[in-house]
Amino acid sequence: MRKAQVAKPQPEPIPGGPRHVAIIMDGNGRWATQRGRPRLFGHHAGARRVREIVEACPDVGVEYLTIFAFSTENWKRTQVEVAGLMSLFRRYISKETRALSEFGVRVRFIGDRMRLDDKLTRLMNELETATAGNTRVHLTIALNYGGRDEVARATRRLAEDVAAGRLAPEDVDEETLPRYLDTFVLPDPDLVIRTSGEARISNFLLWQSAYAEYEFIDTLWPDFTHEEFARLCASYGGRDRRYGGVGP
Ligand code: FPP
């Protein structure tokens, strides 16, 4: 991974480009099947793509990148695939910590950590701590994440505060609830990309994406390149976001 201090000619960030891009990295299984390989082969290829896209962020002016690595529904996959993915996450964190730090990436995890094994959660906590001082790219990895689950967990904590008298029911509004979400320190995503040709959001950032732009592209995640990422960011720069209003 390129180091933060290495001087190189920087392409101009895209005018009006997205500040926060969220990606549903879909298609690893099909990519592997097309090659006659087991699904985990595709997940490993997909993990390698993450680095390329993280590195491309500063070049296109993206400050926040959020990626969907494992959903609350992905436990329904075979035990072999789930165990393989958990092992991949552990290895990815151990292997990438140094490179991510040197590139200036701050890593955060969102999702429910309660169901994850102790070794993985320890590695996640260590990576968050090791990169806490970085600001070049804010990488958020959604792991055992589901939008509905996140809103339910947030509501439970909010209800506890109301029950304890720390929050008045009349103070619960669109400003208050997001403070209880896993993403409370992040801006809302401007652009959500889903690879592999499926046009659905699969429980990803439900509250946060209310006004996001969407790109559903046919490329399978292991084939997704920094060139395609830059092209999608550039095309976002031309969009007219009205947030329910009528525009200029
Ligand atoms: C969806 O493809 C992908 C996943 C459920 C896992 C995503 C994980 C990675 C890209 C690799 C690891 C990431 C990190 C951060 C190390 P799919 O298996 O549903 O593909 P299919 O629809 O073709 O079956």
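Both ligands and their constituent atoms are indexed starting at 1 by order of listing. It should be emphasised that the depicted structure is a prediction, and the values quoted were computed from it without experimental measurement.
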Judged by atom type as modelled, is there a donor-acceptor pair below 3.5 Å linking the side chain of Thr131 to the main-chain atoms of Val107? yes

Any idea which part of Arg39 is under 4.0 Å from ligand 1, heavy-atom wise: side chain, backbone, both or neither? side chain

Among all protein heavy atoms, pick the one closest to atom 1 (C) of ligand 1 and tell me residue, atom and distance. Met25 O, 3.3 Å

Measure the distances from the heavy atoms of Ser196 to every atom of ligand 1 and state whether one is below 4.0 angstrom. no

Ligand-residue contact atoms, ligand 1 with Asn74, heavy atoms, under 4.0 Å: 5 (C)

Trp31 and ligand 1 - part of the residue with a heavy-atom distance under 4.0 Å: neither

Looking only at heavy atoms, what is the nearest atom pair of Leu158 and Leu177, with distance? CD1-CA, 4.2 Å

Taking 4.0 Å as the limit for heavy-atom contacts, which would you say applies to Arg77 with ligand 1: side chain only, backbone only, both, or neither? side chain

Test your reading of the structure: does Asn28 have an N or O sitting under 3.5 Å from an N or O of ligand 1? yes

Gly27 versus ligand 1: do any nitrogen or oxygen atoms come within less than 3.5 Å of each other? yes

Kindly identify the option in Tyr92, Phe109, Phe89 whose heavy atom sits closest to atom 12 (C) of ligand 1. Phe89

Just by distance, do the side chain of Trp31 and the backbone of Gly42 share a donor-acceptor pair under 3.5 Å? no

Atom of Pro58, atom of Arg136 and distance for their closest heavy-atom approach: CG-NE, 3.9 Å

Using the ring of Tyr214 (Phe, Tyr or Trp, six-membered ring only), decide whether Arg194 places NZ or CZ under 6.0 Å from its centre and within 45 degrees of its axis. no

Selected option - heavy-atom contact closest to atom 2 (O) of ligand 1, from Thr33, Asp26, Ile67: Asp26

Considering only the protein, which heavy-atom contact is closest to atom 11 (C) of ligand 1, and what is its distance? His43 O, 3.5 Å

Residue pair Arg157, Asp161: steps toward the salt bridge (charged side-chain N to carboxylate O under 4.0 Å, His left out) verdict: CA-CA 6 Å; Arg157 286 200 303 275; Asp161 279 354; over 6 Å; no

For ligand 1, which atoms have a heavy atom of Trp221 less than 4.0 angstrom away? 10 (C)

Compute the shortest N/O to N/O distance between Ala69 and ligand 1 and return yes if it is under 3.5 Å, no if not. no

Under 3.5 Å: donor-acceptor pair, side chain of Arg49, backbone of Pro222: yes

Is Glu198 close enough to touch ligand 1? Criterion: a residue heavy atom under 4.0 Å from a ligand atom. no

I'd like to know if the side chain of Glu150 reaches the main chain of Asp182, judged simply by a donor and an acceptor atom lying under 3.5 Å from each other, with no hydrogens or angles considered. yes

With under 30° as parallel and over 60° as perpendicular, where do the rings of Phe204 and Phe68 fit, or are they tilted in between? parallel

Please determine which of Arg90, Arg51, Arg91 meets the salt bridge (Lys or Arg N to Asp or Glu O under 4.0 Å) test together with Glu96. Arg51

For atom 20 (O) of ligand 1, grab the closest protein heavy atom and report residue, atom and distance to one decimal in Å. Gly29 N, 3.1 Å

